[in-house]
Amino acid sequence: MNTADSQRAAEGLERLGYRWTKRAEEADLIVLNTCVVRQSAEDKVLGRLSSLKPLKKKRPEALIAVMGCLVDDVPALRQNFPYVDAFLKPSDVEGLLEFVQSRHLASRFTFHVSRLTFDVSRFTSPVSCYVPIIQGCDRFCTYCIVRLRRGRERSRPLDKIVEEVDRLVKHGAREVTLLGQNVDAYGHDLPGQPDLADLLTAVHGIEDLWRIRFLTSHPADMKGRIIDAVASLPKVCEHIEIPVQSGDDAVLKRMVRGYTVDQYRRLVAKIRQRIPGVSLATDVIVGFPGETEEQFMSTYRLLEETRFDVVHVAAYSPRHGTAASRLPDDVPQEEKERRRKLIEGLQEEIAGEINQQFLGKTVEVLVEEKHKGKWKGRTRTHKLVFFRDAPPLSPPTLGGMKGGRGKLAQVKVTWAGPWSMQGELA
Ligand code: SAM
Ligand code: SF4
C-alpha cells in the first residue's frame, strides 16, 4: 500500500512539473512515506528522519514532508521534529500535492519520495501498477496498528477504479494489482454493494490489460464468488495472498482473527480444488503473547502440511494502542528469532522443492525491466524469473530489445531456487 501511495505521489509531483532525484539530499522536496507495522520499521523511519536534520539546517529551503502510518498525533510529531514542514495522513496524496503547491510557486523543482523501489523511467509508465480499491480496515486483529492509523473501510467506486486502470493501460501498464488491507471486504459500503468478484469482472473487460492480481485476502471474508471469479476470468492470475498468522486455534482467538485452523484448511482445499495450479502466499507472526512451544509447532506443522509458495514471517512486535500491547510480551526476543528462523528454513526448503518442478518447463513471463543485463519478470503465479537477453529477441515474442518491457515471453526454466528462477527464451 505504501509503494502504491509513493507511486501516486510521484506521479502527482511529475504532473506538477517536478523532476525526480535519486538521492534525497539533492531534492528540493523530500517525502518520507512511513510504515510503523513493527517497531523495527518505526525505528528505521525515526533514524532516517533524524538524519535529515543537518540537511534542513544546511538548506532550510528544502521541504520535508512525512506521510504514512507514523502520522498520528501531529502536535506531538511537530514538537519532536520541528524541522519537518508537513505531516500527511496515510494515502493523503492530495494533501501532499496541495501542500507543495502552496509552498513552491514554480514547477521547476526536484523531489525524492521514499519507498519508490523503482527508478523514474519506470513510474512514468510501469508495466505493473498498484491500484488501491479499499482504504482502511474494519477488522480487529489485536496485534495490528494499521487499522488504527488507516481508519475504517472506504471502498472506491467501481467505475472510478475501472477508469483509473483504463488510464494506466493506455500509458503502458499490462498488469494491475488491486490493493486493500482486506480486498475481500470491497464494496460493502458502496451503493448497490458490488463485491470483489464484480470488480474483477469489470476490470477484466479492459482491452490490452493482460493480468489482474489482488491482495490481501482475509480467510474469514474470502467468499466462493471471489474464488470462482479467479477460476473463471482468464486475466485474473492464479495467485492468492491469504495470511493465516498462526496455526493454533487459541492463538488465533487471542489475535481475534475470526476463523479456526480447520476453517482455514478447508478454505485452502477449496481454493486448490477450484483453481488448478494456484500459488499461495501467507503471513505468519511468531512469538505472539502467550505462544507456547507447542502452539508454535502447530504453526510449523500447518506450513509443512500446506506447502505455501511464499511465507512472510515476522516476530511479534507490540504496538502501542493495540489490544495485544496490553498482554504480557512474554516470549523472549531470542526465542522469537529462533522460531522465525525455523520457519524461514522450512519455507526455503519447501519453496525450493516447489520451484524445482518448473525445471525444463516453459512458463509465461510478463517482462518488467532489465536487471543486471537480464530481463526480469514474473509468471502468472508471481514467481520471479530472470532470463538472458540472447538472440533470438525478435518479433513476435519480444519485439526487439527496447520493446522487451511489457511483453509476454515464453521462457524455458534452466535453474530454479527458492526465491527465483532463471531461464532462456523458449
Ligand atoms: N491485512 C493483512 C492481514 O489481514 O493479514 C495484512 C496487514 S499487515 C499490515 C501485514 C503483516 O504484518 C501482517 O500479515 C502480519 O503478519 C504483520 N504484522 C502486523 N502487525 C504485526 C505486529 N504487531 N508484529 C509483527 N508482525 C505484524
Ligand atoms: Fe490489520 Fe487484521 Fe485489518 Fe489486516 S485484517 S489490516 S491484520 S486489522
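First listed ligand is number 1; within each ligand, the first listed atom is number 1. Values in this document were obtained by computation on a predicted structure and should not be read as measured data.
Of the options I212, I161, I226, a side chain to side chain contact (heavy atoms under 4.5 Å, CB included) to L199 is made by I161 and by none of the others. With respect to M67, the side chain to side chain contact (heavy atoms under 4.5 Å, CB included) criterion is satisfied by exactly one of V93, L32, N2: V93.
Distance alone, capped at 3.5 Å, places no donor-acceptor pair between the D221 side chain and the A185 backbone.
Using a 4.0 Å cut-off between heavy atoms, Q245 contacts ligand 1 through its side chain alone, with no backbone atom that close. Contacts with ligand 1 closer than 4.0 Å are made by side-chain heavy atoms of R38 only, the backbone lying farther away. The part of A315 lying near ligand 1 is the backbone, judged by heavy-atom distances below 4.0 Å. Within the 4.0 Å heavy-atom criterion, the part of R257 lying near ligand 1 is the side chain and not the backbone.
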Trace of the salt bridge (Lys or Arg N to Asp or Glu O under 4.0 Å) decision for R48 with E25: CA-CA 12 Å; R48 185 72 181 113; E25 285 67 15; 3.5 Å; yes
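Taking the six-membered ring for Trp and thresholds of 30 and 60 degrees, Y143 and F288 have ring planes more than 60 degrees apart, a perpendicular arrangement. H218 and Y259 have perpendicular rings, their planes meeting at more than 60° on a 0 to 90° scale where under 30° would count as parallel.
Counting atoms of ligand 1 from 1 in the listed order, those under 4.0 Å from a heavy atom of A314 are 26 (N). Counting the atoms of ligand 2 from 1 in the order shown, those under 4.0 Å from a heavy atom of R257 are 2 (Fe), 7 (S). Atoms of ligand 1 found under 4.0 Å from any heavy atom of R319 (numbered from 1 in listed order, with element): 23 (N). Close approach to Y143 involves these atoms of ligand 2, each under 4.0 Å from a residue heavy atom: 7 (S). Short contacts between ligand 1 and P243, defined as distances under 4.0 Å to a heavy atom of the residue, involve ligand atoms 3 (C), 5 (O).
The number of heavy-atom neighbours closer than 6.0 Å to NE2 of H188, taken from other residues, nucleotides and ligands shown, is above 12. Counting heavy atoms of neighbouring residues, nucleotides and ligands inside a 6.0 Å radius, atom CD of E305 exceeds 12 of them. E293 CD: more than 12 foreign heavy atoms inside a 6.0 Å radius.
Ion pairing between R150 and D5 holds under the 4.0 Å rule for side-chain N and carboxylate O.
Residue-to-ligand polar distances keep T216 apart from ligand 1: every N/O pair is separated by 3.5 Å or more.
Protein heavy atom in closest approach to atom 1 (N) of ligand 1: Q181 O, 2.7 Å. Of the protein's non-hydrogen atoms, Y143 CD1, 3.3 Å is the one closest to atom 20 (N) of ligand 1. Protein heavy atom at the shortest distance from atom 24 (N) of ligand 1 is S317 N, 3.0 Å. Of all protein heavy atoms, the one closest to atom 27 (C) of ligand 1 is I285 CD1, 3.7 Å. Distance from atom 11 (C) of ligand 1 to its nearest protein heavy atom, with residue and atom name: D283 OD2, 3.5 Å. Of all protein heavy atoms, the one closest to atom 19 (C) of ligand 1 is V37 CG2, 3.4 Å. Considering only non-hydrogen protein atoms, atom 9 (C) of ligand 1 sits nearest to V146 CG2, 3.4 Å.
Side-chain contact between F358 and K383 is present, with heavy atoms from C-beta onward closer than 4.5 Å.
For the pair K235 and W210, the cation-pi criterion (under 6.0 Å, within 45° of the ring axis) is not fulfilled.
Near-neighbour remark for atom 3 (Fe) of ligand 2: protein N, O or S atoms under 2.8 Å are C137 SG; waters not counted.
With sequence neighbours excluded, the residues satisfying ring-ring contact (aromatic ring centres under 6.0 Å, His included) with F386 are H371.
For the 3.5 Å distance criterion, the side chains of S128 and E175 qualify, holding a donor opposite an acceptor.
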